[in-house]
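Note that the coordinates shown come from a computational prediction; the quantities given were computed from them, not determined experimentally. Just the heavy atoms: all of them, side chains too, but no hydrogens, waters or symmetry mates, feed the values below.
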Amino acid sequence: MVTNVGSTDRKFRIAAGAVAGVASLAVLLGSVPLPAVLSPVLGTVAAVTLVTASVRTCPIYSVFGVDSCPPDSSAS
């Protein structure tokens, strides 16, 4: 599997996934006055961003031909 998520993109995905996960839990526990349907949506966003960061491959990037890796590391 070809990697297409670079290190800066990976750090951003980890941060965004963590924020979405915490927000999901805050909505679930009632700490934030938002609709309850938002909790599983934020949880899914958190899971997807954290998984794509860990495997360093984004299916949407593959579809559109985007690659945020430096030219040297995309051959692995």
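- Remark: Arg10 engages no residue in a salt bridge (Lys or Arg N to Asp or Glu O under 4.0 Å) (not counting sequence neighbours).
- In this structure, SG in Cys69 is found 6.5 Å from CG in Asn4, a value given to the nearest 0.5 Å.
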Please tabulate, for the side chains in residues 27-53, all donor-acceptor contacts under 3.5 angstrom to protein atoms that are two or more places apart in sequence or on a different chain.
unit_1	atom_1	unit_2	atom_2	d
Ser39	OG	Ser24	O	3.0
Ser39	OG	Ser24	OG	3.3
Thr44	OG1	Pro40	O	2.8
Thr49	OG1	Val45	O	3.0
Thr49	OG1	Ala46	O	3.0
Thr52	OG1	Arg13	NH1	2.9
Thr52	OG1	Val48	O	3.1
Thr52	OG1	Thr49	O	3.1

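- Remark: the backbone N or O of Val5 is paired with a side-chain donor or acceptor of Arg56 at under 3.5 angstrom.
- Minimum interatomic distance between Thr3 and Asp67 (heavy atoms only, all atoms of both residues): O-OD1, 4.0 Å.
- Within the model, atoms SG of Cys58 and CZ of Phe64 stand 10.0 Å from one another, a figure rounded to the nearest 0.5 Å.
- Grouping Ile, Leu, Val, Met, Phe, Trp and Tyr by side-chain contacts under 4.5 Å, direct or through others, leaves Val22 on its own.
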